[in-house]
*Asks:* 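Here you go, one structure.
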Number of protein chains: 2
Amino acid sequence: MTIQQLTYFLATVEHGSFSGAARSLFLTQPSISEQIRQLEGELGIALFARAGRGLVLTEAGRKFRPAAARVLADVERARAAVAEVRDLRGGTLGFGMFGTASAYLIADLATDFRKKYPDVRLRLVGLNSSEVADQVRNATLEAGLIVLPVDDAGLDLRVARLEELVVVSREASRLSTPVTIEALADAPLILYDAQYGANDPMRRQLLDRAQRAGVTLRPVIEVEGIEAAVGLARRGLGDTIVPRAAISRQGARGMHFSSFAEPLFDTFAFIARSDAPLSPAARAFVEIVERRLDRLSEAALYAAGTSETD
Amino acid sequence: MTIQQLTYFLATVEHGSFSGAARSLFLTQPSISEQIRQLEGELGIALFARAGRGLVLTEAGRKFRPAAARVLADVERARAAVAEVRDLRGGTLGFGMFGTASAYLIADLATDFRKKYPDVRLRLVGLNSSEVADQVRNATLEAGLIVLPVDDAGLDLRVARLEELVVVSREASRLSTPVTIEALADAPLILYDAQYGANDPMRRQLLDRAQRAGVTLRPVIEVEGIEAAVGLARRGLGDTIVPRAAISRQGARGMHFSSFAEPLFDTFAFIARSDAPLSPAARAFVEIVERRLDRLSEAALYAAGTSETD
DNA sequence: CTCGATAACAAGGTTTTTCCTATATGACGA
DNA sequence: TCGTCATATAGGAAAAACCTTGTTATCGAG
């Protein structure tokens, strides 16, 4: 039994003759005739009674008709199901983001995406970068945005953005010249994302530099969020280091900031399974993330030196 | 999209690899691979992500899987629907019978048939022979048992039985020798099946004979059923003519009966559309009817001359 | 009752599809 | 690094689908 035969059968029922069905399907009568014969042979019973003029359904044919129609309807539904995914009118996208990005971006991203593709369900999870990488690897998530470095085995990786890390201090004097790692070591340091400890990419880079310069960094306070770190810096408890984009946000008003002498960057990257092609939904979402990141950069450009007005 | 491709797809999902699916279907891996590729091409999106080892469903594949399964399930249901009809496990049989037969046989026939094929619905209608013929012609009924003659245009006709018509009288003297049509004309005549009038096959035969013999038959009473006719004959209101098989029934006790000098028969015949093949159910039912008719004949053989004991 | 139209059916040939074998390629694990 | 297992690819054989041509049967009209 083939879908084709079912199509021919239903067309024949509708037209009452093989030739009529053949015309409607742009085929010849013997083709239809032959396929119906085969179908009847396989079913072991005649579906039509052959009259000189036209055809009549047999009892078996009457029973078969609605069943055949249902099969064809389901075929269409199957086609539609994948078309939804293909045309971004359905399905679910699972996407992971590292903590900071998820905190600041998730609302905007979800809004943008749902506005454009209201029928695609979205599952956006905030984890740390290596957790995101793991879940993408085992297909719990389809793709993600992380901060390098991560173990990229089995992953496709594409750098999305370099986010400069700047030093923030209450004392403008401490930032009169680009900050060196040695200068940083001279003052109390406040760091955030305490829970990740040495796995935090920013810490890894800082410790790396300190080691090479032969100095020791002493974080006096480690807190959870950027806001908290900046808040503590405002009270003069120490300096802190934050992504440049975070400067333009609330909580940094009246603070001073400066690049490192040797600029320090967080590298954002998109990851996906290296063997699986990205779904259209994932591609569309990545594009939206990129647009948002670009807007962040632009906003950050206007904020330089001291964020008085923000 | 073909049913075959859906089968291959589901087998691949189940086994997690083309090669595994191929083994389970007794095919080779390139065949499966090729069909899946074609399916994906037609759907316009990949269903599997090809990993070095094994395959993973894409989002589209996940959506497609249940839809494909439903199609295959419905294909099976379609197959089962016609199999029911073929194997006499379903469907409906419409069968027509002429009045007398329906009155005497319907209960037994329905019982026999339902006992053997409890899943086939039965629609047994009692009409006169020409009405049955008409409804078989226009496919309202699939087949029927009628008394000849009928207009058999467009019908297949098979004689089922010759049923002798015998004269029944209260006076044994009237039946001492085989009855001639002339002798019949000498006495009051009671006929049944009044409503059909001259269309009744028995009347047609009798009138035909009378005409050839140059005598006139005068039915003094016409009633509806055989029982009524025999009842009136018992009261001495006249002679009547009934199928031999009816003699052995209640209501004919103590009456005398005799064949015609030139034996008179009702011819029972099965009819069906000449263009439509009989459904298995109809064939089975015809067989059951034949068996019942045979048993009637046997019973009638023991009743001869006078039905004292019946 | 013959004639023409229509449609099923049959036969033969061509194109397309399906499936195979053989081989290349790529990933994983010892 | 090599062997194993998986998919991809190429080429050819078998099968299926379709077409063309021609025959037969039925129905309706003249």
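Order of the sequence lines fixes the chain letters, A, B, ..., with proteins taken first and strands second; residue numbering starts at 1 for each chain.
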*Asks:* Measure from CD on B:Glu42 to P on C:dT18 and round the result to the nearest Å.
*Replies:* 11 Å
*Asks:* Round to the nearest Å and state the distance from B:Ile32 atom CD1 to C:dT21 atom P.
*Replies:* 13 Å
*Asks:* Measure the distance from CD on A:Glu40 to C1' on C:dA8 and round it to the nearest whole Å.
*Replies:* 12 Å
*Asks:* Please state whether the base of D:dA8 and the side chain of B:Gln29 form at least one donor-acceptor pair under 3.5 Å?
*Replies:* yes
*Asks:* Does A:Ser33 place a side-chain N or O at less than 4.0 Å from the phosphate oxygens OP1/OP2 of C:dA8?
*Replies:* no
*Asks:* Indicate, with a heavy-atom threshold strictly under 4.0 Å, whether A:Gln35 touches base, sugar-phosphate, or nothing.
*Replies:* sugar-phosphate
*Asks:* In whole Å, I'd like the distance from the CE atom of A:Met1 to the P atom of D:dA16.
*Replies:* 17 Å
*Asks:* Which listed nucleotide (C:dA7, D:dC18, D:dA6) is nearest to the side chain of B:Ser17?
*Replies:* D:dA6
*Asks:* Students often get this wrong, so: under 4.0 angstrom with heavy atoms, is B:Gln5 touching a base, only sugar-phosphate, or nothing?
*Replies:* nothing
*Asks:* Rounded to the nearest 0.5 Å, what separates atom CD1 in B:Ile45 from atom CD in A:Glu84?
*Replies:* 11.5 Å
*Asks:* Using atom CD1 of B:Ile36 as one end and atom C1' of D:dA6 as the other, report the distance to the nearest whole Å.
*Replies:* 15 Å
*Asks:* Hey, is B:Arg62 close enough to B:Glu59 for a salt bridge, meaning N to O under 4.0 Å?
*Replies:* yes
*Asks:* What contact category does A:Thr28 fall into here, base, sugar-phosphate, or nothing, at under 4.0 angstrom with non-hydrogen atoms?
*Replies:* base
*Asks:* To the closest 0.5 Å, what do you measure between OG1 (B:Thr2) and CD (B:Gln35)?
*Replies:* 6.0 Å
*Asks:* Is any side-chain N or O of A:Gln38 closer than 4.0 Å to OP1 or OP2 of D:dA16?
*Replies:* no
*Asks:* Answer with yes or no after comparing the ring centroid distance for B:Tyr117 and B:Phe285 against a 6.0 Å cut-off, counting only values under it.
*Replies:* no
*Asks:* What's B:Phe48 touching, base or sugar-phosphate or nothing? Going by heavy atoms closer than 4.0 Å.
*Replies:* nothing
*Asks:* Specify the separation, in whole Å, of atom CD of B:Gln4 and atom C1' of C:dT18.
*Replies:* 7 Å
*Asks:* Does the base of D:dC18 carry an N or O that pairs as donor and acceptor with the side chain of A:Glu34 under 3.5 Å?
*Replies:* no
*Asks:* Of the options C:dC19, C:dA8, D:dT7, whose atoms approach the side-chain atoms of B:Ser19 most closely?
*Replies:* D:dT7
*Asks:* Can you tell me which nucleotide in C:dC19, C:dA8, D:dT21 comes closest to the side chain of B:Leu27?
*Replies:* C:dC19
*Asks:* If I take atom CG in residue B:Leu25 and atom P in nucleotide C:dC19, what distance separates them, rounded to the nearest angstrom?
*Replies:* 10 Å
*Asks:* Assess whether a salt bridge exists between A:Glu42 and B:Arg79, defined as any Lys/Arg side-chain N lying under 4.0 Å from an Asp/Glu carboxylate O.
*Replies:* yes
*Asks:* Please state whether the phosphate of C:dA8, meaning OP1 or OP2, lies under 4.0 angstrom from any side-chain nitrogen or oxygen of A:Arg37.
*Replies:* no
*Asks:* Tell me the interatomic distance from A:Phe18, atom CZ, to D:dC18, atom P, rounded to whole angstroms.
*Replies:* 14 Å
*Asks:* Between B:Ser31 and C:dC20, is there a contact of a side-chain N or O with OP1 or OP2 at under 4.0 Å?
*Replies:* yes
*Asks:* If the test is ring-ring contact (aromatic ring centres under 6.0 Å, His included), which one of B:Phe64, B:Phe9, B:Tyr8 qualifies with B:Phe48?
*Replies:* B:Phe9
